[in-house]
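These numbers come from the heavy atoms of this one structure, side chains and all, not from hydrogens, waters or symmetry mates. In this chain, numbering begins with 1 at the start of the sequence shown.
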Amino acid sequence: MAATHDRPVSLSTRAELDDLVASHDRVLVEFHTEGCGKCAAMEPVLSGVARSADAVVATMNPRDDPGLIDEYDVRSVPKLLLFVDGDLAGTREDGVLSVEEVQEFVAERG
């Protein structure tokens, strides 16, 4: 299924994450925390990617479902996870990235 969202989708549970990943070919998820300045700086970047990339973009605080922290080895935020055809295809924990850098990450995997 092609991406249909033109802005990031906010997720709060593992079930929501699993449903989104299962229902779209390509999903980019940003793990963030409240009060994270770098995460806040990524908001306009993710909005730009949501409008331009062939992927659904979502954001989630992994503290809302703590099992995700260990499952996806979250050691710093923002952390980007790219799922392609239901599988984790790549991650990035590089702080603030440009729209172009995130678009390249989405396009080069899978």
Side-chain angles (χ1 to χ4, degrees):
M1 176 186 300
T4 57
H5 300 280
D6 62 356
R7 64 178 179 240
V9 176
S10 181
L11 306 174
S12 58
T13 67
R14 174 188 303 273
E16 290 175 350
L17 174 62
D18 291 345
D19 287 347
L20 189 69
V21 168
S23 61
H24 296 280
D25 295 338
R26 194 171 285 261
V27 178
L28 177 70
V29 178
E30 179 213 33
F31 281 160
H32 65 88
T33 58
E34 289 184 34
C36 167
K38 290 179 181 179
C39 301
M42 284 295 292
E43 287 178 22
V45 171
L46 294 173
S47 292
V49 172
R51 288 189 303 273
S52 62
D54 186 23
V56 173
V57 178
T59 62
M60 181 174 194
N61 185 337
R63 292 180 182 163
D64 291 341
D65 197 329
L68 296 172
I69 295 169
D70 288 332
E71 182 176 344
Y72 293 108
D73 194 32
V74 180
R75 300 293 169 236
S76 66
V77 291
K79 179 169 186 162
L80 299 177
L81 298 94
L82 179 66
F83 296 89
V84 177
D85 296 327
D87 296 319
L88 183 63
T91 64
R92 287 197 65 172
E93 291 178 278
D94 301 323
V96 180
L97 301 170
S98 69
V99 170
E100 293 78 17
E101 289 172 311
V102 177
Q103 287 171 327
E104 286 177 20
F105 172 65
V106 170
E108 73 187 15
R109 298 278 193 275

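Taking 4.5 Å as the limit, some side-chain heavy atom of Leu97 sits within range of a side-chain heavy atom of Leu80. Counting heavy atoms from C-beta on, the side chains of Leu46 and Leu28 come closer than 4.5 Å. Residues Met42 and Val102 have side chains in contact (heavy-atom distance under 4.5 Å, counting atoms from C-beta outward). For the pair Arg26/Val56, no side-chain contact is recorded, criterion being any heavy-atom separation below 4.5 Å from C-beta on. Counting heavy atoms from C-beta outward, Leu88 and Leu81 have side chains that approach closer than 4.5 Å. You'll find the side chain of Asp25 stays beyond 4.5 Å of the side chain of Val84, heavy atoms only.
Looking only at distances, no side-chain donor or acceptor of Glu16 sits under 3.5 Å from a matching main-chain atom of Leu11.
For the residue pair Met60 and Asp65, the shortest heavy atom distance occurs at CE-CB, 4.3 Å. Nearest heavy atoms, Val45 versus Ala41: CG2-O, 4.1 Å. Annotation for Thr33 and Cys39: closest pair N-SG, 3.9 Å, computed over non-hydrogen atoms. For Val99 against Gly48, the heavy-atom pair with the smallest separation is CG1-C, 4.4 Å. A pairwise comparison of heavy atoms in Gly95 and Lys38 identifies CA-CD, 4.2 Å as the closest pair. Here the closest non-hydrogen pair linking Glu30 and Pro78 is OE2-CB, 3.4 Å.
For the atom pair NZ of Lys79 and CZ of Arg92, the computed distance is 12.5 Å after rounding to the nearest 0.5 Å. To the nearest 0.5 Å, atoms CD (Glu93) and CZ (Phe31) are separated by 10.5 Å. Atom CG of Leu17 and atom OH of Tyr72 lie 5.5 Å apart (nearest 0.5 Å). Here the CD atom belonging to Glu43 is positioned 8.0 Å from the NE2 atom belonging to His32, to the nearest 0.5 angstrom. Distance check: Glu104 CD to Ser98 OG gives 7.5 Å after rounding to the nearest 0.5 Å. Rounded to the nearest 0.5 angstrom, Leu68 CG and Arg14 CZ are separated by 4.5 Å.
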